[in-house]
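Report on one structure; see the data block that follows.
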Amino acid sequence: LPAIYKQAVYFAVCGWMLMGISANQNTTHHKDANAEGSNMFMIILLGFPVYGILMYMLIFGWLRVATILNNPYGCDEFYDISLLSILDYNIWKFFSYSRTSGEYDSI
């Protein structure tokens, strides 16, 4: 996929997150704080949008995994598969097994 698609998706998700942050706020906690015996910290803590934060973390996690899986054989040493070294190891393992067992002498 072209890089512009990835940037467009990130821009759309970030815009959705910013709109969601303002929409998920509890607007009645200012009115509740004026009541007798109410603690402002507890009102804000209980009105915190935990579900929204978890949903944003999940969506951004999916985006991160999608960017990693976009090119699994790339040049990133932490996330990408080193296909050449894996194939080299498996070929070496096969030939060492074939020499010791004598099963594949004609190869």
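The chain is numbered in sequence order, starting from 1.
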When rounded to the nearest 0.5 angstrom, what is the spacing between CG in Leu87 and CH2 in Trp92? 15.0 Å
Distance, nearest 0.5 Å, that separates OH of Tyr56 from CG of Leu18: 8.5 Å
Taking atom OG1 of Thr67 and atom CH2 of Trp62, what is their separation to the nearest 0.5 Å? 15.0 Å
Any side-chain heavy-atom pair from Trp16 and Ile59 closer than 4.5 angstrom? yes
Side-chain contact, heavy-atom cut-off 4.5 Å: Lys6 with Tyr10? yes
Please say yes or no: joined through hydrophobic side-chain contacts below 4.5 Å, possibly via intermediate residues, are Leu63 and Leu58 part of one cluster? yes
Should we count CZ of Phe60 as having more than 12 external heavy atoms under 6.0 Å? yes
Shared hydrophobic cluster, Tyr89 / Ile86 (ILVMFWY, side-chain heavy atoms < 4.5 Å): no
Please check if atom CG in Leu84 has more than 12 non-hydrogen atoms from other residues, nucleotides or ligands closer than 6.0 Å. no
Is it possible for you to say whether Met19 and Met57 belong to one hydrophobic cluster, with membership spreading through side-chain heavy-atom contacts below 4.5 Å? no
